[in-house]
Amino acid sequence: MIIGVPKEIKNNENRVGLTPAGVIELVRNGHKVYVQATAGEGSGFMDEDYTTAGASILPSIEEVYGIAEMIIKVKEPIESEYSLIKEDQLLFTYFHFASYEPLTHAMIKQKAVCLAYETVERADRSLPLLVPMSEVAGRMSIQEGAKYLEKPLKGRGILLGGVPGVRPAKVMILGGGVVGTNAAKMAAGMGADVTILDTNLARLRYLDDIMPANVNTFMSNEYNIRELLPTHDLIIGAVLIPGAKAPHLITRDMLKEMRPGTVVVDVAVDQGGCIETCKPTTHENPTYIIDDVVHYCVANMPGAVPYTSTLALNNATLPYAIQLANKGWKKACADSNELKLGLNIVQGKVVYKGVAEAFNLDYTEVDSVL
Ligand SMILES: NC(=O)C1=CN([C@@H]2O[C@H](COP(=O)(O)OP(=O)(O)OC[C@H]3O[C@@H](n4cnc5c(N)ncnc54)[C@H](O)[C@@H]3O)[C@@H](O)[C@H]2O)C=CC1
Ligand SMILES: CC(=O)C(=O)O
Ligand SMILES: [Mg+2]
């Protein structure tokens with residue numbers, strides 16, 4: 001198969017879809033890989049590293065989309081890429097369709113095969129291609145939150161861990177999945193007083209077992225959220241209903257209940273955000289303030305630490321990319337339920353329920369397109 005790796009063009013997105021190590025594996029399996037010039041630079045991989053691995057370098061993004069049967073990238077296509085996408089071309093990347101209607105319509109129109117990293121799902125309901133980036137974003141959420149709590153950055157001016165004789169900050173984490181667990185570990189390690197909320201009681205039991213003593217669990221419901229808001233300094237949004245729009249657990253009116261300088265880091269922004277006042281921001285301009293509450297809503301947080309993120313992402317995506325290249329998307333998805341669940345839009349048809357429901361579009365059973 002002919003595989004193309006374009007350079008990411010989202011703001012401050014320094015990750016790349018494929019490493020030279022991945023190129024070696026795909027070439028060994030008989031495939032041809034084309035990488036756009038400088039695509040890997042932000043992650044520390046030079047064009048020579050790719051050619052040594054067996055890839056060919058193409059100077060422009062148009063040539064990469066033009067030649068490839070499968071595109072491997074990181075973030076969803078940006079408006080300027082839409083028209084480059086060809087009918088039947090396989091796109092293996094994050095899409096987060098439910099949070100952005102124009103992207104959904106564009107991919108329907110281009111009649112591409114959109115296999116979304118974030119909905120590839122194992123039998124145990126885990127999301128193997130979201131996990132590594134959720135680990136990164138969860139850990140980063142505390143580092144960013146701690147920074148924006150500083151007074152010059154408009155935060156409350158409180159140190160997460162406190163000091164002897166002064167209480168630590170209080171951190172509230174909405175959603176105790178991968179992002180939430182990684183955020184809790186970091187916040188707890190820094191000495192904060194941490195509360196994780198989730199609707200899944202079994203998950204809360206598990207977290208209670210494994211977390212240190214400065215982490216407590218709490219059932220997620222409106223009453224409990226309202227109770228915590230006036231006393232918490234840093235709030236992390238980390239809920240997920242796979243493939244669907246995130247529920248708004250903190251509504252606009254609740255901002256009044258928070259103290260000035262409270263920081264919210266809504267990691268779930270890529271699925272629409274779990275804080276009603278959340279709108280996507282960029283690494284260049286990561287925060288804005290509403291009702292004295294600092295909002296950090298960067299939709300590609302791992303893009304800022306590409307040395308870690310590109311490797312972590314490739315560790316997870318490569319085995320699936322090899323299956324897709326070796327068998328073609330139809331057979332690979334017919335053989336693997338995990339990959340089949342990654343199909344969101346196929347040749348103009350929406351085959352993922354959460355996406356169809358988000359925008360009231362016709363839904364087609366995925367098996368009928370295989
Ligand atoms: N902004 C960014 O750069 C990144 C964003 N993400 C996003 O972070 C979000 C979370 O991802 P993961 O932790 O991997 O998901 P996950 O599936 O591991 O965890 C989600 C948790 O939310 C819980 N939940 C669902 N409804 C809830 C409610 N009403 N109240 C409290 N908890 C609730 C679930 O029970 C589950 O434990 C996703 O939207 C993901 O796409 C992930 C990586 C990077
Ligand atoms: C998961 C995601 O959206 C990201 O890593 O950018
Ligand atoms: Mg405990």
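Numbering starts at 1 and runs along the sequence shown. Values reported hereafter were calculated over all heavy atoms of this structure, with side chains retained and with hydrogens, waters and symmetry mates removed. Both ligands and their constituent atoms are indexed starting at 1 by order of listing.
E338 and Y320 share a side-chain donor-acceptor pair at under 3.5 Å. T181 and R203 are linked by a side-chain donor-acceptor pair at a separation below 3.5 angstrom, with hydrogens and angles left out of the test. For the residue pair E48/T51, the side-chain donor-acceptor check at 3.5 Å is not satisfied. There is a side-chain donor-acceptor pair under 3.5 Å between Q347 and D88. Looking at E81 and Y65, their side chains do bring a donor and an acceptor atom within 3.5 Å of each other. Donor-acceptor pairing under 3.5 Å is lacking for the side chains of E135 and N182.
Not one N or O on the side chain of N224 forms a donor-acceptor pair closer than 3.5 Å with the backbone of S220. A distance-only check finds no donor-acceptor pair linking the side chain of D198 to the backbone of L204 [under 3.5 Å]. Side-chain N or O atoms of T281 include one that pairs as donor or acceptor with a backbone N or O of V298 at under 3.5 Å. Under a 3.5 Å cut-off, the side chain of H31 and the backbone N or O of M1 do form a donor-acceptor pair.
Of the residues listed (I225, L201, L197), the one engaging M219 in a side-chain contact (heavy atoms from CB on, under 4.5 Å) is L201, and it is the only one.
A cation-pi arrangement is present between K279 and Y288, with the terminal nitrogen or guanidinium carbon under 6.0 Å from the aromatic centre and inside a 45° cone about the axis.
Contact atoms of ligand 1 toward Q271: 39 (O) (distance under 4.0 Å to a heavy atom of the residue). Here is the list of ligand 1 atoms found below 4.0 Å of a heavy atom in H96: 41 (O). Of all the atoms in ligand 2, the ones that sit under 4.0 Å from a non-hydrogen atom of P302 are 5 (O). The distance from ligand 1 to the heavy atoms of M133 drops below 4.0 Å at these ligand atoms: 43 (C), 44 (C). The contact set between ligand 2 and M133, taken as ligand atoms under 4.0 Å from a residue heavy atom, comprises 5 (O). Against a heavy-atom cut-off of under 4.0 Å, N300 is close to the following atoms of ligand 2: 6 (O). Close approach of ligand 2 to D270 is summarised as follows: ligand atoms under 4.0 Å from at least one heavy atom of the residue are 1 (C), 2 (C), 3 (O). Of all atoms in ligand 1, listed by their number and element, those nearer than 4.0 Å to a heavy atom of L197 are 31 (C), 32 (N). Close contacts between ligand 2 and A299 involve ligand atoms 3 (O), 6 (O) [criterion: under 4.0 Å to a heavy atom].
Protein heavy atom at the shortest distance from atom 9 (C) of ligand 1 is V239 O, 3.7 Å. Here the protein heavy atom with the shortest distance to atom 3 (O) of ligand 1 is M301 N, 2.7 Å. For atom 17 (O) of ligand 1, the closest heavy atom belonging to the protein is L240 CD2, 3.7 Å. Scanning the protein heavy atoms around atom 26 (N) of ligand 1, the nearest turns out to be T199 OG1, 3.8 Å. Nearest protein heavy-atom neighbour of atom 14 (O) of ligand 1: S134 OG, 2.7 Å. Among all non-hydrogen protein atoms, the one lying nearest atom 19 (O) of ligand 1 is G177 CA, 3.2 Å.
The two residues M254 and E222 have their closest heavy-atom pair at CE-CG, 3.7 Å.
One option in K75, R15, E118, H96 has a heavy atom closer to atom 5 (O) of ligand 2 than any other, and that option is R15. Checking V179, L130, V131 against atom 1 (C) of ligand 2, the nearest heavy atom belongs to L130.
For the pair L249 and ligand 1, the shortest N or O to N or O distance does not fall below 3.5 Å. Considering backbone and side-chain N/O atoms, V179 comes within less than 3.5 Å of an N/O atom of ligand 1. Residue N200 has no nitrogen or oxygen atom sitting less than 3.5 Å from a nitrogen or oxygen atom of ligand 1, judged on distance alone. Considering both main-chain and side-chain atoms, V267 comes within under 3.5 Å of ligand 1 through a nitrogen or oxygen pair. At under 3.5 Å, a nitrogen or oxygen of D270, whether backbone or side chain, sits near a nitrogen or oxygen of ligand 1. The shortest N/O to N/O separation between V178 and ligand 1 falls below 3.5 Å. Distances between N or O atoms of S220 and those of ligand 1 include at least one value under 3.5 Å. Checking only distances, A268 never comes within under 3.5 Å of ligand 1, N or O to N or O.
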Inset, instruction - For the pair M258 and D292, evaluate side chain to side chain contact (heavy atoms under 4.5 Å, CB included) and give the outcome as yes or no after the intermediate values. - result: CA-CA 9 Å; M258 303 181 198; D292 296 323; over 6 Å; no
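One finds no salt bridge joining E41 and K7 here, because no Lys/Arg side-chain nitrogen approaches an Asp/Glu carboxylate oxygen to under 4.0 Å. Ionic pairing of K327 and D335 is present here: one or more N-O contacts between side-chain nitrogen and carboxylate oxygen are shorter than 4.0 angstrom.
I57 and F45 fall within a single hydrophobic cluster, where Ile, Leu, Val, Met, Phe, Trp and Tyr side chains are chained together by heavy-atom contacts under 4.5 Å.
Only the side chain of A137 comes within contact range of ligand 1, with a heavy atom under 4.0 Å; no backbone atom does. Contacts between E118 and ligand 1 below 4.0 angstrom, taking non-hydrogen atoms only, are absent altogether. Looking at N300 against ligand 1, only its backbone comes within 4.0 Å, counting heavy atoms. Residue V298 touches ligand 1 through its backbone alone, judged by heavy-atom distances below 4.0 Å. Residue-level proximity to ligand 1 for A299 is carried by the backbone, the only part with a heavy atom below 4.0 angstrom. Contacts between D198 and ligand 1 below 4.0 angstrom, taking non-hydrogen atoms only, involve backbone and side chain alike.
F92 and Y117 have their aromatic ring centers within a separation under 6.0 angstrom.
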